[in-house]
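Working notes for the structure below.
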Amino acid sequence: MSTNTRNKIMIIVISLIALGLAVYYLIFPTMIKNLFSFTNKDVNNVNIEGYVYDQNKKTVENYTLYITNYYYEGGDGESYMGGEKTPVITNENGHYSIHFDKSCNVQIDNVKEGYSKSLIVQDITKPTNKIDFHLK
């Protein structure tokens, strides 16, 4: 084998080793971090709004929903912190809205005589969220 061919093979081998190390130390850890950070990430400045409907699909005014907000900040990134339960009352059109500084998950429930207890659990992945609530 000529010296020229040997040199070319050495350059290819060294290049492949360098590429492999770059993938292993630079690209792979970032991919793993991004994969897991999506699920355990708070969203800032979250707005949640929607309508409350009765069994006849008509909006219900002056109805109280209880929205419990969960977030990760300050925790271990694996379990929720927060858990602040806030009552929200619908307006004359059956519309409600609420704002949270940060959120990753909300639980919306009702407690009113004459209706079955209902529950909605929703992951928060964007700042604006429309969640309608249907009474049973």
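Nothing here was measured: the structure is a model prediction, and the numbers come from that model.
- Between the Asn110 side chain and the Ser118 main chain, a donor and an acceptor come within less than 3.5 Å of each other.
- Partners of Tyr66 according to the ring pair (Phe, Tyr, Trp, His ring centres under 6.0 Å) rule, which considers only residues two or more places apart in sequence or in another chain, do not exist here.
- The line from NZ of Lys57 to CG of Asp132 is 12.5 Å long, rounded to the nearest 0.5 Å.
- To the nearest 0.5 Å, the span separating SG on Cys104 from CG on Asn69 amounts to 7.5 Å.
- Around NZ of Lys130, the count of heavy atoms belonging to other residues, nucleotides or ligands within 6.0 Å exceeds 12.
- Tyr53 and Val60 fall into different hydrophobic clusters, where Ile, Leu, Val, Met, Phe, Trp and Tyr are joined by side-chain heavy atoms under 4.5 Å apart, directly or via other members.
- The nearest pair of heavy atoms linking Lys126 to Val43 is C-CG1, 3.7 Å.
- Residues Glu49 and His95 approach most closely at OE1-NE2, 2.5 Å, considering heavy atoms.
- Shown here are the side-chain hydrogen bond (donor to acceptor under 3.5 Å, both in side chains) partners of His134, two or more places apart in sequence or in another chain: there are none.
- Atom OH of Tyr70 and atom NZ of Lys102 lie 15.5 Å apart (nearest 0.5 Å).
- Put simply, the side chain of Asp54 gets close to the backbone of Asn56: a donor and an acceptor are under 3.5 Å apart.
- In this structure Ile131 satisfies the side chain to side chain contact (heavy atoms under 4.5 Å, CB included) test together with Ile48, Tyr96, Val106, Ile108, Ile120, Gln122, sequence neighbours excluded.
- Side-chain N or O atoms of Asn47 include none that pairs as donor or acceptor with a backbone N or O of Thr128 at under 3.5 Å.
- The closest donor-acceptor contact from the side chain of Thr64 to the backbone of Val88 lies at 3.5 Å or more, if one exists at all.
- Between the OH atom in Tyr71 and the CG atom in Asp101 there is a gap of 9.5 Å [rounded to 0.5 Å].
- In terms of modelled atom types and a separation under 3.5 Å, the side chain of Thr90 and the main chain of Tyr63 share a donor-acceptor contact.
- No donor-acceptor pair under 3.5 Å is formed between the side chain of Asn129 and the backbone N or O of Asp123.
- Taken to the nearest 0.5 Å, the OG1 atom of Thr68 stands 9.5 Å off from the CG atom of Asn105.
- The distance from the CD atom of Glu92 to the OG1 atom of Thr59 is 9.5 Å, given to the nearest 0.5 Å.
- Ile67 and Phe133 fall within a single hydrophobic cluster, where Ile, Leu, Val, Met, Phe, Trp and Tyr are joined by side-chain heavy atoms under 4.5 Å apart, directly or via other members.
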